[in-house]
Structures are given as C-alpha cells and as structure tokens.
Amino acid sequence: MEIRVYDTKEQCGKAAAAIIAAQLLRKPASVLGLATGSTPIPCYQELVRLYEEGVLDFSKAVSYNLDEYVGLPADHVCSYHHFMRVNLFDHVNIRLDATHVPSGTAGDIHEEGAAYDAAIAAAGGIDIQVLGIGRNGHIGFNEPADSFTKGCHLVQLTDSTIDANTRFFNSRDEVPKQAITMGIGSIMAAKTVLLMATGADKAWAINATVNGELTPAVPASVLQTHHDVILILDKAAASLL
Ligand code: F6R
C-alpha cells in the first residue's frame, strides 16, 4: 500500500483529485468507481475546478458508484443518486447516461446487484475505485461480517453506520436500515484503489486496515492483498499508524 499523509482534508481532496485527473488524462474513457459521504467532497470540488479551468474532460468517462440506500428513490435528497448529481455530475461534462448508481428501489435487489456487476464487467471493469471508510472499517456498505461478499448485494446496515449517517437525515428513524452495495470482490477487481480517510474518528479503522489482521471483521483489511492501493490520509486519520 502507498500511504500519503497531509495536514488538511482539503489537501487530501486535491491529492486524490490529482490521481483521478492523471487517470482521466491518460485514458479519457476511464471507468471511475465513485463513493459518496463527506470524505470525497473536497476531491470532487477539485475535480470540478479542474474541469472549469479546462484541464479535465469527462465526456468519455463512465462511472459506477459503490452503493445506495434501499427504499430511497433517485430524486430523494438523501439518496446517493442525488448526492452525486449535486457534488459532481451536475458540474462536469460527464454524460448522465454514463453514470451509474445501484437502484435502491429495484423490485428485486438481488437481480439489480447481478445486473450491476454484469454492467461493470461489460464496461471493461473499474480503472480507479474511490473509497471512503467507515469507523468500523466498512468499505462501500460492506459491514464487518464473518466472510467477504463477492458481488453487489443487499446489506443490513449496522447501528454504528446508522448512527454515523444520521447527520444527513432529519432523524435517526429516517435512516434506511438496508442498502445495496458493490461487494468486496467487485471492489478488489478495480485496477487501482484510492482510499481516502480524514478525521480522528477514522484512525482506528485505518490502523486496522494497514496493520491489522486480514479479516472480514474489518472489511477494508482485504485491501492488504490488492496490488495497487493508495491511501490518502490526513494526520488525524493516520495518527495510530
Ligand atoms: C459511501 C460509502 C461509505 C463511506 C463511509 C465513510 O458511498 O461507500 O463506505 O465512504 O461510510 O463515510 P464518510 O466519508 O461520510 O465518513
């Protein structure tokens, strides 16, 4: 694993954006794996800035997001579909029909998961996968478990994740209890993984990811076996390394 540590989350965002920018400049038709949450927002802001300055062109890019809440329609303000439009897609020239977020309202979530994995494979696989990390070590919505899950699937969110995500909703009761997420196998199939973490509440998970046992109890620890992972951390998230 390559580990880069910065003073601020803004620097982390610029560093992550520089890596994605290099990917897009080398291969304009890149398949981007994208994440939501607070952590990548400075990265997306920097990508928008680079687009506005005429440095980046997203017109040939394709994207696949990690996850979505079950039960939230795409136009719900707390949906990850909405998050991606507000934070990135509406501000760059990516074609909206080239952006993909798993559907949380599909009649059959299992079928939706299988179709999502098939679509990623048909697109040639993910070139670079952006990840945040949960305080419990989750990646995507792959929560601590007894085994790693391969493909895109339905998950029950843990209390820790529901607590952490309550800040995006009016109340804890409104946070969906289930999600659809790319599986660990789908994430590991990405050619490059770019994991971002900022803040002291991520320090335990980052240390467990880098120095801990490889275990599905800390889903991100599987990244120890990926051949091309870069961690972009602020000092607080790196404080236990
Ligand atoms: C989001 C996702 C999650 C988040 C993680 C950290 O698409 O897959 O794994 O990356 O929950 O969230 P933040 O960045 O809000 O701390």
Side-chain angles (χ1 to χ4, degrees), residues 8-10 12-13 16-17 20 32-45 63-70 72 74 76 78-89 99-104 113 116 120 126 128-145 148-149 152-169 175-188 190 193-206 208-209 216 218-223 229-234 236-238:
T8 67
K9 62 183 180 186
E10 288 74 23
C12 290
I20 297 167
L32 308 176
L34 299 177
T36 62
S38 304
T39 312
I41 289 176
C43 167
Y44 295 155
Q45 288 171 340
S63 74
Y64 286 88
N65 261 77
L66 284 165
D67 42 19
E68 178 60 285
Y69 290 113
V70 166
L72 292 195
H76 191 288
C78 294
S79 76
Y80 287 169
H81 283 78
H82 184 262
F83 175 100
M84 289 309 302
R85 288 197 304 272
V86 168
N87 287 292
L88 184 65
F89 299 155
T99 69
H100 306 85
V101 181
S103 170
Y116 201 72
I120 292 172
I126 288 171
I128 185 162
Q129 176 66 56
V130 179
L131 294 178
I133 186 169
R135 295 185 286 206
N136 59 7
H138 75 220
I139 47 176
F141 271 138
N142 294 278
E143 298 282 28
F148 292 115
T149 313
C152 187
H153 64 289
L154 176 72
V155 283
Q156 310 294 325
L157 300 180
T158 62
D159 284 343
S160 146
T161 300
I162 292 168
D163 287 344
N165 290 1
T166 296
R167 68 188 193 282
F168 297 113
F169 292 80
V175 185
K177 307 295 179 280
Q178 294 182 319
I180 177 170
T181 183
M182 276 169 55
I184 293 292
S186 326
I187 293 170
M188 289 295 283
V193 174
L194 172 59
L195 187 151
M196 303 181 67
T198 52
D201 61 338
K202 302 294 174 65
W204 179 87
I206 288 299
T209 298
V218 181
S221 65
V222 75
L223 298 174
V229 181
I230 178 156
L231 268 57
I232 301 286
L233 310 174
D234 70 357

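Excluded from the calculations below are hydrogen atoms, water molecules and symmetry mates; all remaining heavy atoms, backbone and side chain alike, are included. One-based numbering, in listed order, for ligands and for the atoms of each.
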Applying a strict 4.0 Å limit to heavy atoms, is K202 in contact with ligand 1?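 Right, K202 reaches ligand 1.
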With a cutoff of 4.0 Å, is R167 in contact with ligand 1, counting heavy atoms of the residue only?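 Flag set, R167 near ligand 1.
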Considering non-hydrogen atoms of the protein only, which is the closest contact for atom 1 (C) of ligand 1, and what is the distance?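 Result: T36 OG1, 3.1 Å.
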Identify the closest protein heavy atom to atom 10 (O) of ligand 1: which residue and atom is it, and at what distance?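 Checking every protein heavy atom, the shortest distance to atom 10 (O) of ligand 1 gives G132 CA, 3.2 Å.
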Can you check which of H138, E68, R135 brings a heavy atom nearest to atom 11 (O) of ligand 1?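 Checking each option, the heavy atom nearest atom 11 (O) of ligand 1 is found in H138.
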Counting heavy atoms only, which of I41, D67, T39 is nearest atom 14 (O) of ligand 1?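 Among I41, D67, T39, the closest heavy atom to atom 14 (O) of ligand 1 belongs to T39.
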If you count the atoms of ligand 1 from 1 in the order shown, which ones are under 4.0 Å from a heavy atom of [X]?
X: G140; result: 2 (C), 3 (C), 8 (O), 9 (O)
X: G37; result: 14 (O), 15 (O)
X: I133; result: 5 (C), 6 (C), 10 (O)
X: L66; result: 8 (O)

I'd like to know if the side chain of [X] reaches the main chain of [Y], judged simply by a donor and an acceptor atom lying under 3.5 Å from each other, with no hydrogens or angles considered.
X: N142; Y: M182; value: yes
X: N65; Y: L34; value: yes
X: E143; Y: L157; value: no

For ligand 1 and L131, I'd like to know whether there is a polar contact (N/O to N/O, distance under 3.5 Å).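 For ligand 1, there is no N or O atom that lies under 3.5 Å from one belonging to L131.
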Quick one: closest heavy-atom pair of R167 and S38, and the distance?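 Closest heavy-atom pair between R167 and S38: NH2-OG, 2.6 Å.
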Work out which heavy atom in E10 is nearest to a heavy atom in P42; give both atom names and the distance.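 Taking every non-hydrogen atom into account, CA-CB, 4.4 Å.
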Please list, chain by chain and in numerical order, all residues satisfying side-chain contact (heavy atoms from CB on, under 4.5 Å) with D201, sequence neighbours excluded.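 With neighbours one apart ignored, the set is R135.
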Is there a side-chain contact between V155 and T149 in this structure, where contact means two heavy atoms from C-beta onward sitting under 4.5 Å apart?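 SC-SC contact between V155 and T149 ruled out.
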So, taking the atom named OH in Y69 and the one named NZ in K177, what distance separates them when rounded to the nearest 0.5 Å?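 If we round to the nearest 0.5 Å, Y69:OH and K177:NZ are 10.0 Å apart.
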